[in-house]
Structure formats: C-alpha cells, structure tokens
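To start, the structure under review is shown below, and the notes come after it.
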Amino acid sequence: MTNSIRETTVSRGFLVIGSNTTENHPVLGSMIKKEVINNGKKLIVVDPRKIELSKYADYYFAINPGTNIAILNGFMHVLLKEGLYDKNYVETRCEGFEALSKTLEKYTPEYVAEICGIDNPEDIVSAARLMAGLKPMALYYSMGITQFVSGVNGVKSTANLQMLLGNMGVEGGGVNPLRGQNNVQGACDMGCLPNVYTAYQPVTSEDNKAKFEAAWGVSGLSTKPGLTLLEMFNQAIAGNVKAMYTMGENPVGSDPNQHHIIEALEALEFFVAQDIFLTETAKYADVVFPACAFLEKEGSVSNTERRVQLMHKVLQPQGEVRDDWWIVMQIANRMGAKWNYTKAEDIFEEIRNVTPSYAGITYDRAEWNLLQWPCPNVDHPGTQYLHKEKFSRGLGLFTPIEYTPPAEGTDSEYPMILTTGRILDHFHTGTMTRNSKVLDENVPEGYVELNPNDAENFNIKNGELVSVSSRRGSIRIKARVTAKTKPNVVFIPFHFFEACANVLTIDALDPLCKIPEYKVCSSRIEKIQP
Amino acid sequence: MDQITLTIDGREVRGEKGQTVLEVALKSGIKIPHLCYHPKISKTGACRVCLVRINGTILKASCVEPITEGMNVITEDEEIVKIRKWILELLLSDGDHNCLYCEANGACEFQSLIQRYNIGEVKPDRQRTVKEVDYESSNALRRNENRCILCGRCVKACKEIQVMNVWSFAERGSGTHLVADDDKNIGDSSCAKCGTCVQLCPTGALSFQTVSGKGANWELTSTPSICIYCGVGCKIDFYKNREGVLVKAMGNNTGPNNGHLCVKGRFGFDFVQSNKRLTTPLIKKNGVFEEASWDEALDLVATRLTEIKEKYGSDSIGSLSSAKCTNEENYLMQKFMRAVIGTNNIDHCARL
C-alpha cells in the first residue's frame, strides 16, 4: 500500500475494485464499512460479484471478469471530458498526460459499458463526478486487479486514475493493494523474487552484485534473472530444472492448471519440501522437512502497509520440528557455507545491513513502535505514506493503457466465464483453515456459485452435484445458486482440494510479471445425470 | 488542540477539548470504575457506575461528562460509594451471577467491582425474569443472558467495529434483553463470528464455545504475535493453558487491527496443534515415506543438491519460498539459492 490502514478515517471516500474486502481482509473491510455506513463516507465498488461491500456502495459496477482497465479508462474519460481532474496536480507532479488523454478518447461510457457487460453507463459519469469531489479518496484493490494477463496494466491504470484525481502522496488517498498473505510483502522485500535482491535491488546490476558478494563473503553471484514460479515448473517439464526446494508452499493446490504442476514435480530428479503438514505438494517430495508453525517461532513479518512487526514463540514446537531458517542453514553449511546464526534476530541484523529501506528497523524498535518502511536509519520514524512530495522517479508517469481481453474467450463449447477466489472462512489451499474446527465446520466443502438464470437454463438446482469443466480438466462440485454472481459467470473458491478450482484455471501469464490469469477462463457447467 | 486543565482527586491533569472526565482520568492513571464505557466504542452513559462529583456538588456519569477548564472532580466519597454499591447490587439481583459456573470467572469486570465494593449475596426482592441461554446454536459463541448487565457493549461492538449490526436490545424495562437479528439464535443469525462482542463483554454473558473446559482464566498466560492469514497483519494476544494448549486469541490494541479480529484470526489456529502435523523428517524410499533423523535427511539433501549442481549447473535448481514464513526465513532462503546454489531461481506465491 502507498498509504496506511489507519487512514480510512481520513479518506472521504473509497473506490474498491477487485477486492472482496470484507471476506479477504475482513478487519480492514469492517473499517471501510464503519466509515461508509456509520460516518457517511462515499463508496464505489467494481466487482463481477455482488460482494458484501456492493450493498453499501453509492455506485456499483458488476463488470465482466477481466475488464477493469476498460472501466478505469471510462472513469478517466469522464474526468477529462468534463475537466474534473486535478489540473494543478497533473501539471506539477506528473508527466505523460498528453499520451494518456489521447488513449482515453475512445473510452466513452457506452463503449466501456459494452466491454464490461454492464447496463448502467450513465453511472460511470456520475461515479467519476463523485470521485472528483472526494479528496482524498483511497483506492483499494487486490487480486481482482492483478490476476489477469493484463495484471500489470491493471495496476498502472489504478495509478493513472489516482494521479489524475490528485490522490497520490496525500494522507487518506493512494493506490492500496491489499496483500493476501501475512508476509507476502516481506517475502518480496527480502528478495524472494527471481530478479531482485532485498529491497528490490536488481540482480542484473554489477554494483549490486559487488555489494552482495562483499556482504555475503562470496564471489560469482549470478547477474542473470532467475525463473518465476510457473517458469520453474515449465522448465522442469522441459528437463532444464532438475531439482526444487519448496518452503511453506503448496503449488499443487494453489497454482493454475494443476495437472501441469504435478507433471512438473514428477519430472524432477530431486524434490525437497519443507512444511508443517504433508501437503498435496509434499507428497511428491523425495525428502520432507517438518517446520515450526508460526506460533512456535520468533521472527519479523511485514504487512500490506509496509509495517514490520515481530512474531513471538507462543507454543512449544511439536515433535522434532525446526525453524525454517535453521533447516536452510544446516543445508547451506553442509554445502560449504559457514553460517552461524543462533536466532532470528541475528539474521535480521544482516538484513538491515543490505536492505536500505529496513536499515533503521531494529527488533527493539519494532516491538514497541509503529514502524513502516522506508525507514533508512534508527532515528527515522518510518513512512506512513509514499510519494509525499515527489514520486520515487520524480514526476508521476501516466502510462496510456488500452483494454485487452483475457487470454481465453467463451465459445459454444465453454460458454461460461469461471472466476476464482477466497471466502471468509478459508484461506488458500485450506492447509490451515480446514484443520481448524470452527472454520472447517462453517464451510466444510467447496461449491460453485451460479446465477439463478443460468441455473434454470442448465436445469441445475441449489445443492445439486454438477460437473464444471475447462480446457484443462473437470471437477465435480456442489452448485450454489445465488444472484451474487452475474449471469454467464461462475465462481469457485479454490480452497478445496477434492473440488479443486485450479484443475480448471488457465496458466496464461501476464507477460511482464508472470502472474497467472486465475480470475478468468472459459468453462462449462453441466448437471450430472443420475 | 485546545488544552484544558482540571483537577481530579486533588491532582492537576490536562486533557483536550471534547474529552470526557473518564477518558482524561484513565489516561492520567486515575481509575474510575466503569462498565458500559469501553474506549473502542461510542459512549453509552447507561450503567452510572462511573459517577463522580463535579465541583463539590453535582454527581455526573464521568464517561459522558465533557471536561471544562478548572473543573474539580472527586472520583470517590462516601455518597458515591453508597450509590455505586446500590447500582452494583441492583445489577447483581437482576441476574444469575454464579462465578463457579462462569467462563468469565477471574476475567470479569463485573466480578472485580463486586469484590472491590465488598458486596455480598443479594436476595432478589421480586421474581427475576429468567432469560435466554443459548449454548448450542453456534459453534463459535455462547450466550447466557442471565449474566447480562445490559451495558450494551456488544451491541456497539457489532455496530461500530465489526459493523454487522447483529445484536440489539428488545423489549423494555426489566424485560429488556439482547436479540440477534430479528430474535434468532446466534447460530442462525448473520453473525460473522469475529468474536469482538465477546472480547468486549464485561461479564460471562457472551463467551467462546471453543474456550470451555481448557482452564481457568488465571491459569492462562498470553504472548503477542501476528496473525498468519491475510496481509492486514493483525496483532493478537495468544492465550495458552498450563498444559501448553492454545486456548484463545484476543485482538491486541497496538496492532493495525486496533484490537479487532475476523473469524480466522479468532478461531483459525487449531492447525498448529493438530495431530496431522509433520513431526519428523521423511525420506521417500521405494515410493514410500520413512521417518528419518535430521542428520540423515539433511546430509541426503546437501549431497543430492551438490550432485545436481555439479552435473547440470546452478540454474538447474529452483526454490519456492513462502509468504507464510518470516522475513528472516525468506531472506535466508534467497541467500541460500544465490550464494550457495548460485542461481536467481527463487520465487514465492506473491502472484497466487
């Protein structure tokens, strides 16, 4: 997030696009609800499903999955046409406006409504006018913006809109991606990405290579960017990746096109899995290491607003489980390294040394203070919101973005759009939530949501077992007939391995960041004949 | 901010315009008993336990009394004690408060005040209305209205924090009672099971289904940590009993969640002590996993990775790190892949 969670009280309004906040970030969802319902703030919601927040929205757009860019361009078209954008902000803080405005010309409300499959084009005009009057307005998004082949462009579009409205670098504004995992921000910050070291320092830079070689006491660090997650599996099938080592990941359940992932794991010569359970993925391993669960260890995590917080050891570890870092260190030392960390804090001190944005954060400070990176030195109070006086590149760059359709269109064989996501009571592949009594009882099995119209057309009744197929596979799952999902769209939560949505999803990737298009593929739903 | 100076129990304290006497007193370390007031919700002014004497004359409920310049506040005198005892006795006589059977025993704000003001058994002077007990309908929450003192914290917690508006009061006078939605059982209501009403309840009227039988409140110890689920990063106080079993999760007020939790943050941690956990290293031999010692498993992995690195090159090895692991663990994994294996083939589930 460019801004902070506690700024919901400062925002005068919210645009929530591609985030089912009350189910996936429920505590923040409640904060937004409080501002909207109890304090009269404005809310605009864009989502293919009638999520809970849509009930409280001033304007709600039930767009087709994969058409975010069109509607964002539509809002901006109105802002430009009616001269409602923040001219002073655009002139003094941004560049590239000309090119953007040219691209936006054709995104009239009618054109956008056609692409998005919505019947309220006049509301695009009203919503844009409303946004222009809401300063500051915060934009919240989640995987409903990013999990498309046009994911990067979707993100850039959100930035375009917020710069046009002058909502960047101000308290209560910002572009605020809600990170789905408790330490996905930290894992990225720590350089668990194939192209960067910690704090996004590119591996291709000779300076960075020299810096890390000196810090780590090694030579010959590679300047060639590595493979992304799905590329690793593709290369395993191609025979170029021979061994994999996973720590706390369950790609068989969580990655798109499950059959492909299994094929890749089976093709490996050697596979090591490190986890708290024998997951669907760990079953394919040659060696499995049992790791400590979060309540059994110390360490730091970084939340969606860049806040670094400490985890503490609450419970005694089960059996012979060990800290993940200890296991990695044991292997490293057996392969010639001479690491001698004795506790998590030792590692954090090294992180501070090589990570400029974390340099000012210590365990002691993080325990007692609210610290958000960048925090360059120990006297620095941390950063509540980014881009305050200028953007990190200087002027904010408008990028003209054209709408592009999803990788897979519907046809007569696969006429329905399948979209996937999480639900309130479960998390990811269910490894944790399905092993927690209350949550498992609340929602014990998977389901496919479909609209009453579609249910009637396909002669499917609520609760009936149906078959859902895509070009990649087929699953059996119970139908849940609900107006929450719009006609021609079905939704499957991906937590349930026995009715695994990722058997169906497509592994088409965004060309730049390689995110898979989980949010849209074509599918078919059929009644199972008794 | 307009600073206001006032005197509480002879001590000069400062507050800001708009603050109440109770808020300034609590902030200054001066304790005034209270039941309906809670810092996370709007002011109710219902229980009157927090009454104080203003400027030597009038008695006011300190939780709703704004501070004024030069105000002189006495938090307790003979008459105040008498009235407080009278209020507490009334509350006690209107309910069925047997601490022996109550989950809140030892962590009950009402019990603390009963003890502090040395109140003995109170005989009800009229037939007490027997109210609803619902221990069955929800797998998450229990409700016993005979322990309810009608402070309204739960109603406001649901309205102002979780914003689900499940709880409200129905009927009037001595018949006043709590209802979920339009008088449904909690289990059949729209309750999202965030548990914030239980966390704010000053008695045992609302409690957690999952806590019963795991130990008395004074046997529990708590340690703060961060929730494992979404990116909000809620800070949670985790309570365990003497046997080391996790008992409950309560929202910590210093985290980004400001004390609030969702259903996963409240009830989603059984997995840590599940008997399905992996507890020893496993090595697959002839297609079947066998338990192994740490040395055996670590040696095998180091040997095989070294062989593969030498035979096919560093880039033939890849690693997936985890958004569920700590910064330290992630850092070390990428350092291992880059400095020891010699490849940038490191990624994690950020895109999933």
Side-chain angles (χ1 to χ4, degrees), chain A residues 5 25-27 30 33-34 179 181 184 186-187 190-192 194 203 216 218 226-229 232 241-249 254 270 286 288 290 293-295 299-300 303-304 309 311-312 314 318-320 324-325 328 330-332 334-335 337 344 347 351 432 435-436 438 441 515, chain B residues 139-140 162-163 223 225-226 228-233 238 244 256-257 260 262 267-268 270-272 274 277-284 297-298 301-302 304 308 312 316-334 336 339-340 344-348 350-352:
Chain A
I5 290 169
H25 300 85
V27 167
S30 288
K33 275 168 71 177
K34 179 178 180 175
R179 314 277 337 225
Q181 309 254 7
V184 65
M190 291 304 108
C192 287
V203 295
W216 291 344
V218 295
L227 302 170
T228 62
L229 183 146
M232 284 183 214
V241 166
K242 301 288 187 186
M244 282 188 70
Y245 178 11
T246 63
M247 172 170 86
E249 293 270 282
S254 65
F270 190 59
D286 296 292
V288 180
F294 82 113
L295 289 176
S300 67
N303 81 349
T304 192
Q309 304 188 93
M311 287 187 142
H312 293 297
V314 177
Q318 304 270 301
E320 292 179 42
D324 285 293
W325 66 260
V328 175
Q330 296 305 315
I331 301 169
R334 280 171 168 78
M335 293 178 72
I347 304 170
I351 293 170
M432 299 183 295
N435 283 306
S436 293
V438 172
E441 287 172 359
I515 194 166
Chain B
N139 61 354
Q162 174 62 22
V163 203
T223 312
S225 194
I226 308 301
I228 192 68
Y229 290 109
C230 81
V232 172
F238 289 97
N257 49 321
H260 187 207
C262 76
F267 297 111
D270 299 346
F271 74 91
V272 176
S274 156
R277 282 279 304 276
L278 284 167
T279 52
T280 57
L282 303 173
I283 294 176
K284 201 180 265 171
L298 290 165
V301 170
R304 291 289 285 128
I308 289 169
Y312 303 105
S316 68
I317 302 173
S319 170
L320 299 179
S321 193
S322 177
K324 284 279 156 278
C325 289
T326 63
N327 288 329
E328 293 77 1
E329 289 156 350
N330 278 298
Y331 172 82
L332 220 56
M333 183 56 106
Q334 61 90 35
F336 171 70
V340 179
N344 287 311
N345 289 342
I346 170 85
D347 200 2
H348 71 287
R351 303 172 188 83
L352 310 186

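Order of the sequence lines sets the chain letters (A, B, ...), proteins ahead of strands, with each chain counted from 1.
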Tell me, for [X] versus chain B, whether the close heavy atoms (under 4.5 Å) come from the side chain, the backbone, both or neither.
X      : value
A:M311 : both
A:V27  : both
A:A337 : side chain
A:I331 : both

Pick from [options] with the largest number of heavy-atom pairs that fall under 4.5 Å of chain B:
options                        : result
A:D286, A:T304, A:V288, A:V203 : A:V288
A:T228, A:V218, A:N435         : A:N435
A:M247, A:R179, A:H25          : A:M247
A:P26, A:A344, A:A243, A:G191  : A:A243
A:V241, A:T246, A:V438         : A:V438

Non-hydrogen atoms of chain A under 4.5 Å away: do they reach the side chain of [X], the backbone, both or neither?
X      : answer
B:L298 : both
B:Y312 : side chain
B:V163 : both

Test item: [X] and [Y] side chains (from C-beta on) under 4.5 Å apart, heavy atoms:
X      : Y      : result
A:P290 : B:R277 : no
A:D324 : B:E328 : no
A:M432 : B:V272 : no
A:Q309 : B:P256 : yes

Could you check whether the rings of A:Y245 and B:F336 sit parallel, tilted or perpendicular, using 30° and 60° as the cut-offs?
-> perpendicular
Go through the side-chain N and O atoms of B:Q162 and B:H260 and say whether any donor and acceptor fall under 3.5 Å apart.
-> yes
Can B:S322 and A:E249 be said to form a side chain to side chain contact (heavy atoms under 4.5 Å, CB included), step by step?
-> CA-CA 6 Å; B:S322 177; A:E249 293 270 282; 3.9 Å; yes
